[in-house]
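Note sheet for the following structure.
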There are 2 protein chains.
Amino acid sequence: MSLKYAILGLLDEEPCYGYEIKHRFEETMGDLWPISYGQLYPTLRRLTGDNLVTVQVVQGKKAVDKRVYSITEKGKALFNRWLFGEDKKIQTSIKDEFSLSLFFAERMKRDELVSAIRKLHKKTIKRLSLLRGSAKSQGLDSLHYKKFLVRKMELMMEAEEMWLRELLEDLT
Amino acid sequence: MSLKYAILGLLDEEPCYGYEIKHRFEETMGDLWPISYGQLYPTLRRLTGDNLVTVQVVQGKKAVDKRVYSITEKGKALFNRWLFGEDKKIQTSIKDEFSLSLFFAERMKRDELVSAIRKLHKKTIKRLSLLRGSAKSQGLDSLHYKKFLVRKMELMMEAEEMWLRELLEDLT
DNA sequence: CACAACATGTAAGATGTTACATGATTGA
DNA sequence: TCAATCATGTAACATCTTACATGTTGTG
C-alpha cells in the first residue's frame, strides 16, 4: 500500500491530523492522486496499531477534537527503507470505461460515438486549463521537485487531449 | 466492475473459454489493461451465477477440459445498456510509487535520484519501441477502433518518456 | 528432456470508492 | 440564515495482485 508511505512521509515532516494530511497531500497531488476519507482514516488506525505512528487527541478551537498523529522511530525506519529502497514502479496500465467502450465501438453508431468523444474532449480541455491556472498560483519554485508532479499531470492531460482530438479528426 | 463488461462484450462476439478471453483481450489491450487469472476466473463464476453467461464443459484435444462460456439474453441486455449508456469515465489518477517518491525527493541525494530516473527512462524507451514494433505487426487496419487503443498507449508512454527526459535535463 | 504454452482454479490480502452518519465553525 | 469548510468516522462493496496448486500438450 502506497498511501501508507504518503502518510508516513508527511508525518516525517511534522505531526498532522487526518484532515490536514489529506489537504497537504492533495495540494500538490490532488489531480494525480486523490485521497478519500474512507481510505485515510482506516489506514491511520492501522498504522497506529502497527506502531508506525502515535496519536494524541487535541482540543480544537472549541468542541472539535483533533487526532494528531506523529511518526515513530519504527515508522521513520520503514519510510526510509521504502524511499531509498528498490526500484520504484511507474504506472503503466490505463483502465478506464471509455477506453474499454472503444474496444467495442464498432457496434456503436458513429454519431453517438462522436458526440461522446466531443463531450470528453471538452471536459479534458477544461481540466487542463484549470490545472494550468492552479499550477501558476501554487508557489512552487524551481527548487521543489513537486512542480514536476504537476508537470506530469499536465503532460498526461495533454496526451489525453491530443488523443481525443486525433480520434475526432479521424471520425469526421 | 469493468472487467465484467470486457468479458460480456467478447462473449457477445462468440463463445469463449477463460484462457481465450484473456488472450483475445490482451492481444489489443494487454499494455493498457492486463488481466490476471486470479481476477478472471472468479469473475466468470460470478457472471454465471448471475445468469449473464452460461457454461458448457468441452473436452479439449485430449484430457484437458475447457469451460466454454456463452452470453445470455440477460447478459446481452446488460452489456448494451452499459455500452450505449451514460457518460463513460476516463482515467485521471496516476498512483505510482515513483511519483510518490518524487513528492519526497528533497530528502534523497541528487545522484541517487538521477540514477533511478535514468533507469526508468531506459525502461520506458525500451517499452515504447516494443509497443511500436508490435503495433506494426498487429494487422490493425484503419477500420478498427482498436488501433486507437494502441495509439493511446503510445501517446501515454511518449508523455512519460518526455517527462523523465525533462526531469533529467533539469537535474543535470 | 526441458521449456513454453495450454488450461483451470483458490486464498489471502492489498487497494480503493461511495454512501451514510454526525456535528461545529466561519463567512457572505 | 445558508452554504462552505472544518473534522471524524463506518459499512458495504468493488477491484485487483500475488502466490500457490495442478496437470497436459507441443516443440526444439
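Residue numbering restarts at 1 for every chain, and letters A, B, ... go by the order of the sequence lines.
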- Nucleotide of D:dA7, C:dC6, D:dG9 approaching A:Tyr17 most closely (side-chain heavy atoms):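 When the side chain of A:Tyr17 is considered, D:dA7 is the closest of D:dA7, C:dC6, D:dG9.
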- Closest to the B:Tyr69 side chain, choosing from D:dC6, C:dG9, C:dT8: C:dG9
- Sorted by number, residues from residues 37-45 of chain A placing a heavy atom under 4.0 Å from DNA chain D are A:Tyr37, A:Gly38, A:Tyr41, A:Arg45
- Could you say whether B:His23 or B:Lys95 is positioned toward the 5' end of DNA chain C, judged by the nucleotide with the nearest heavy atom to each? B:His23
- Comparing B:Val68 and B:Ser93 on DNA chain C - which has the more 5′ nearest nucleotide: B:Val68
Can you tell me how far [atom2] of [N] sits from [atom1] of [X], to the nearest Å?
{"X": "A:Arg24", "N": "D:dA7", "atom1": "CZ", "atom2": "C1'", "answer": "15 Å"}
{"X": "A:Ile35", "N": "D:dG9", "atom1": "CD1", "atom2": "P", "answer": "15 Å"}
{"X": "A:Phe25", "N": "C:dG16", "atom1": "CZ", "atom2": "P", "answer": "10 Å"}
{"X": "A:Lys22", "N": "C:dG16", "atom1": "NZ", "atom2": "C1'", "answer": "13 Å"}
{"X": "A:Lys66", "N": "C:dT22", "atom1": "NZ", "atom2": "P", "answer": "23 Å"}
{"X": "A:Asp65", "N": "D:dT8", "atom1": "CG", "atom2": "C1'", "answer": "10 Å"}
{"X": "A:Met29", "N": "C:dG16", "atom1": "CE", "atom2": "C1'", "answer": "16 Å"}
{"X": "A:Ile21", "N": "D:dA7", "atom1": "CD1", "atom2": "P", "answer": "13 Å"}

- Which residues in residues 80-91 of chain B have at least one heavy atom lying under 4.0 Å from any atom of DNA chain C?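 Going residue by residue through residues 80-91 of chain B, none turns out to have a heavy atom under 4.0 Å of DNA chain C.
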- A:Phe84 meets the ring-ring contact (aromatic ring centres under 6.0 Å, His included) criterion, sequence neighbours left out, with none
- Message: Under the rule for ring-ring contact (aromatic ring centres under 6.0 Å, His included), what residues qualify as partners of A:Tyr17, not counting sequence neighbours?
- Response: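 With neighbours one apart ignored, the set is empty.
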- Stepwise salt bridge (charged side-chain N to carboxylate O under 4.0 Å, His left out) test for A:Glu14 and A:Arg24: CA-CA 11 Å; A:Glu14 76 183 290; A:Arg24 283 199 194 179; 2.9 Å; yes
Going by atom type alone, with no hydrogens or angles, which donor-acceptor pairs under 3.5 Å involve a side-chain atom of residues 113-125 of chain A and a protein atom two or more places apart or on another chain?
unit_1   : atom_1 : unit_2   : atom_2 : d
A:Ser115 : OG     : A:Glu112 : O      : 3.3
A:His121 : NE2    : A:Glu161 : OE2    : 2.7
A:Thr124 : OG1    : A:Leu120 : O      : 2.8

- Compute the ring centroids of A:Phe104 and B:Phe79, then answer whether they are less than 6.0 Å apart.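 Here the rings of B:Phe79 and A:Phe104 have centres that are less than 6.0 Å from each other.
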- Message: Can you see if the side chain of B:Arg46 gets near the phosphate of D:dA14 - specifically, an N or O under 4.0 Å from OP1 or OP2?
- Response: no
- With sequence neighbours left out, write down each residue that passes side chain to side chain donor-acceptor pair (under 3.5 Å) with A:Lys22, or none if nothing qualifies.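 Side chain to side chain donor-acceptor pair (under 3.5 Å) list for A:Lys22, sorted by chain: A:Glu26.
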- Task: Over 60° means perpendicular and under 30° means parallel, so classify the ring planes of B:Tyr37 and B:Tyr41, tilted if in between.
- Result: parallel
- Message: Would you call the rings of B:Trp163 and B:Phe98 parallel, tilted or perpendicular, taking 30° and 60° as the class edges?
- Response: perpendicular
- Query: Would A:Asp170 and B:Arg151 satisfy salt bridge (charged side-chain N to carboxylate O under 4.0 Å, His left out), going step by step from the backbone distance to the final call?
  - Reply: CA-CA 13 Å; A:Asp170 204 279; B:Arg151 176 66 177 148; over 6 Å; no
